[in-house]
Amino acid sequence: VQLQASGGGLVQAGGSLRLSCAAPGSIFSSNHMAWYRQAPGKQREFVASIAIGGNTNYADSVKGRFTISRDNAKNTVYLQMNSLKSEDTAVYYCNAFNSRNYWGQGTQVTVSS
């Protein structure tokens with residue numbers, strides 16, 4: 001596993017969490033980065049992405065609540081999640097993409113109502 005996601009946990013509805021994903025420099029510097037999530041019994045879905053140049057894109061369901069950012073000095077991408085809802089409960093996966101796709105192992109986020 002080349003992408004290491006961390007930061008998941010159990011939080012009450014309305015709370016916040018910050019996910020981190022560290023990648024080797026050779027992957028991070030040449031790839032756009034994204035977060036996906038997969039809830040039990042559902043397909044994996046796109047959450048947010050950030051291009052090498054910094055442009056961001058969000059799923060409608062998280063716009064205004066989640067913020068994706070990247071620290072090029074630390075080869076790390078973050079997902080700041082605020083105003084969490086029970087429907088945000090899922091395993092969150094880090095993704096690096098360009099000419100190839102790389103996936104991390106996932107981190108569990110559980111939001112209690």
Practice item. Would you indicate whether the side-chain heavy atoms of F46 and N95 approach each other to under 4.5 Å? Key: no
Review point. To the nearest 0.5 Å, what is the distance between OG (S29) and CD1 (I52)?
Key: 7.5 Å
Check your understanding: Is there a path of hydrophobic side-chain contacts, each under 4.5 Å between heavy atoms of I, L, V, M, F, W or Y residues, that connects Y78 with V47?
Key -> no
Exercise for review: Compare all side-chain heavy atoms of L10 with those of Q108 and state whether any distance is below 4.5 angstrom.
Suggested key: no
Exercise for review: Determine the minimum heavy-atom distance between V77 and F28, stating which atoms define it.
Suggested key: N-CE1, 3.9 Å
Review point. Which heavy atom of G7 sits nearest a heavy atom of L17, and at what distance?
Key: O-CD2, 3.9 Å
Check your understanding: Where is the tightest heavy-atom contact between A23 and L3, given as atom of each residue plus distance?
Key -> CB-CD2, 3.3 Å
Review point. Are side-chain N/O atoms of S6 and Q4 paired as donor and acceptor at under 3.5 Å?
Key: no
**Study point:** From CD (E45) to CD (Q38), nearest 0.5 Å
**Key:** 9.5 Å
Check your understanding: Given side chains that start at C-beta, do those of R100 and Y102 come closer than 4.5 Å, heavy atoms only?
Key -> yes
Revision key, fill the gap. Closest heavy-atom pair, S16 versus N82, reported as atoms and distance to 0.1 Å, is OG-OD1, 2.9 Å
Exercise for review: Return the minimal non-hydrogen interatomic distance between S113 and A13, and the atom names on each side.
Suggested key: CA-CB, 4.2 Å
Practice item. Verify, without hydrogens or angle tests, whether N98 (side chain) and S30 (backbone) share a donor-acceptor contact under 3.5 angstrom. Key: yes
Check your understanding: What are the two closest non-hydrogen atoms of A5 and Q105, and how far apart are they?
Key -> O-NE2, 3.1 Å
**Study point:** N/O donor-acceptor pair under 3.5 Å between S86 side chain and V111 backbone
**Key:** no
**Study point:** Backbone of H32 reached by a side-chain donor or acceptor of R70 within 3.5 Å
**Key:** no
Review point. For the hydrophobic clusters of this structure (ILVMFWY residues joined by side-chain heavy atoms under 4.5 Å, transitively), does one cluster hold both Y93 and L79?
Key: no
Review point. Is a side-chain donor or acceptor of Y58 paired with a backbone partner of I68 at a separation under 3.5 angstrom?
Key: yes
Exercise for review: Using the rule that two of Ile, Leu, Val, Met, Phe, Trp, Tyr join whenever any of their side-chain heavy atoms come within less than 4.5 Å, decide whether V62 and V11 are in one cluster.
Suggested key: yes
Practice item. Starting at CH2 of W103, measure out to SG of C21 and round the result to the nearest 0.5 Å. Key: 10.5 Å
**Study point:** W35 vs C94 side-chain heavy atoms within contact, under 4.5 Å
**Key:** yes
Review point. For Y36, is the NZ or CZ atom of R44 found under 6.0 angstrom from the centre of its six-membered ring and inside 45 degrees of the ring axis?
Key: no
Practice item. Let me know which of V109, D88, L19 forms a side-chain contact (heavy atoms from CB on, under 4.5 Å) with R37. Key: D88
